[in-house]
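For reference, the structure is listed below as structure tokens.
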Amino acid sequence: MSAPRVRFAPSPTGYLHIGGIRAALYGWLWAKQKGGEFILRIEDTDEQRNTDEAVEIIFESMDWLGMDWNEGPRVGGPNAPYFQSKRLDLYREYADKLIASGHAYRCYAGKEELAEARTQHKLRTGHEHGFRFQSPWRDRTDGDPSESHIVRFKSPSEGVIAWDDLVKGRIEVDNATQQDFVLLRPNGLPLYSFGCVVDDLTMGVTLVTRGDDHVINTAPQILMYQALGAEPPTFAHMPMVLGPDGKKLSKRHAAVSVLEYRDLGYLPDAVLNYLVRLGWSHGDQEIFTKDELIELFDWEHVGSGSARYDQKKFLHVNAEHLRALPHAQLARRVVPFLAQRGIEVAEDDATLLAALPYLTPRASTLIELAEAADYFLRPVPVFEDKARRKFLVPEFAAHLRELLSRVEAAESFDLASLEASVNGWLEAEGLSMKDIAQPARVALSGRTRSPGLYEVMVVLGRERTLERLRAGAALAASGPDLSA
RNA sequence: GGCCCCAUCGUCUAGCGGUUAGGACAUCGGCCUCUCACGCCGGUAACGGGGGUUCAAGUCCCCCUGGGGUCACCA
């Protein structure tokens, strides 16, 4: 297989599902690795729900993930247009070809007739299963093409269709199970399978990656390729992502839209990493950069069983990426989340940059990171009621005042000097860090959990540290009255 | 129900005839320690069942069971 042409053909139905993007992701990685082309095509042939906003959401999702395409909307390409709704003439043309060669026929049976046949079948058999519509038009050619009709494919009833799936291996389907599926609606809009085949064929697609809920569509599609005298592409059907309960992953289980993960503070590369690793493996390695993914991906190690979504592991993967990200980039990513908290700060803010090394081990998402950075970037920390009530009380006031003076007396404002200065006092008094840490922590950060005290001080800088210690001591002296 | 696919710790998985069945997340202990994390050390935990093939089966074959998908003028 040389220079594969892979496509992703989402339908604009409101959001991009992470399960859907996963199948596309494998194809994208493959195209990247092999120097092939990645084609984006919008399958907007659904009667209802097709809005421009939904198309924008697809772009936005792909942009955020960093999945670019060589051909498609926005970038154009030799096979434009890339919207199915703008390719109607093509489908008509191919339908006519199929009719002319005897592989399809015009069917004038209406929906009512179909429904009637279905209820008859139900009456006869007692159930709806296995219903196959036998169109009375199958072998007629005397219909009036100008009258409203649909086009049906004339499926063979004998023989088998087989293909070697890149992830499932050989799959065989008996033609006897096929029915005369619909190619074209009366209004000229193609049905999924037909539009897909015509587009893949005319766009020269060589590899189709999709969820394995599509395996069932493959046999009819191969039938169409054969009827058209064309070579079918290679197929790769990925197992689906299931919810923790083993059912199809849905909103009920977790965030399911790509953009939601962006808003939840996930890193795009972490999403890529988790999704790819869910169903593909490379020995014991768990964390991959995007470039590693492109370099290492292979079809041999794509599992053939469905996988369950695991929120905890996803978070872990995100945390790993968060810690590995250069701080300049991390700062740029976290700024919007700080803004959400009402903190307007530049991405090259010195305090933010200084705090990051101490914050990343304590955060799994950008939201958590912003939360952890909060008090460093506000003029005055926001005190947690519980923390203040417990630690900024008169019994600690003297300690805080003494700490203040020791910090003030430190030779220079760095980790070692601060520690030396404070330790001198502690030892002389027979105190330990435990005795003063929490009140000091609350005075400096407003909360009971933070990086090491000296680390917080150094990031804050001398002035703000002294100021907060002073204010904390005053607060402690005045007692736990929070009404002020 | 027909058809298709799938099956190793709770979860994601390594394994491609001979392994003390490995890693990661989660979980449970412990260490570190000024809090919370990070980190480090250690524990619990898996080949669904039954037949074959083979000197030897988690690995190959068959059946069962279980799970998933799909049966549209949706995609």
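Protein chains get the first letters and strands the later ones, always in sequence-line order, with residue 1 at the start of each. What you see below is based on every heavy atom in this structure, not just the backbone, and it leaves out hydrogens, waters and symmetry mates.
Among residues at least two apart or in separate chains, salt bridge (charged side-chain N to carboxylate O under 4.0 Å, His left out) pairs with a member in residues 296-314 of chain A are A:Glu286-A:Lys313. Applying the salt bridge (charged side-chain N to carboxylate O under 4.0 Å, His left out) definition to pairs two or more places apart or across chains, those involving residues 425-447 of chain A are A:Glu371-A:Arg447. Within the structure, salt bridge (charged side-chain N to carboxylate O under 4.0 Å, His left out) pairs that include any residue of residues 159-168 of chain A comprise A:Asp164-A:Arg170, A:Lys168-A:Asp212 (at least two apart or interchain).
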_Sugar-phosphate or base contact per nucleotide [nucleotides 27-48 of chain B; S, B, -; heavy atom under 4.0 Å]_ = -------BBBBS----------
_Nucleic acid footprint by protein, nucleotides 6-11 of chain B - heavy-atom cut-off 4.0 Å, B for base, S for sugar-phosphate alone_ = SS---S
Donor-acceptor contacts under 3.5 Å from residues 352-364 of chain A side chains, at least two apart:
from     : atom 1 : to       : atom 2 : distance (Å)
A:Thr360 : OG1    : A:Leu356 : O      : 3.4
A:Arg362 : NH1    : A:Tyr358 : O      : 2.7

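Scored by the side-chain hydrogen bond (donor to acceptor under 3.5 Å, both in side chains) test, A:Ser155 finds no partners at all (sequence neighbours excluded). Residues satisfying the ring-ring contact (aromatic ring centres under 6.0 Å, His included) criterion with A:Phe288, sequence neighbours excluded, are A:Trp280. Among residues two or more places apart in sequence or in another chain, the side-chain hydrogen bond (donor to acceptor under 3.5 Å, both in side chains) test is passed with A:His399 by none. Remark: A:Arg401 engages no residue in a salt bridge (charged side-chain N to carboxylate O under 4.0 Å, His left out) (not counting sequence neighbours).
No side-chain heavy atom of A:Ile161 sits under 4.5 Å from any side-chain heavy atom of A:Ile171.
Of the residues in residues 395-405 of chain A, not one places a heavy atom less than 4.0 Å from an atom of RNA chain B. Contacts between residues 275-287 of chain A and RNA chain B, counted as heavy-atom distances below 4.0 Å, involve A:Arg277, A:Leu278, A:Gly279, A:Ser281, A:Asp284, A:Glu286.
Judged purely by atom type and a 3.5 angstrom limit, A:Asp180 has no side-chain atom pairing as donor or acceptor with the backbone of A:Arg152.
Taking atom C1' in both B:G18 and B:C28, one finds a spacing of 34 Å when rounded to whole Å.
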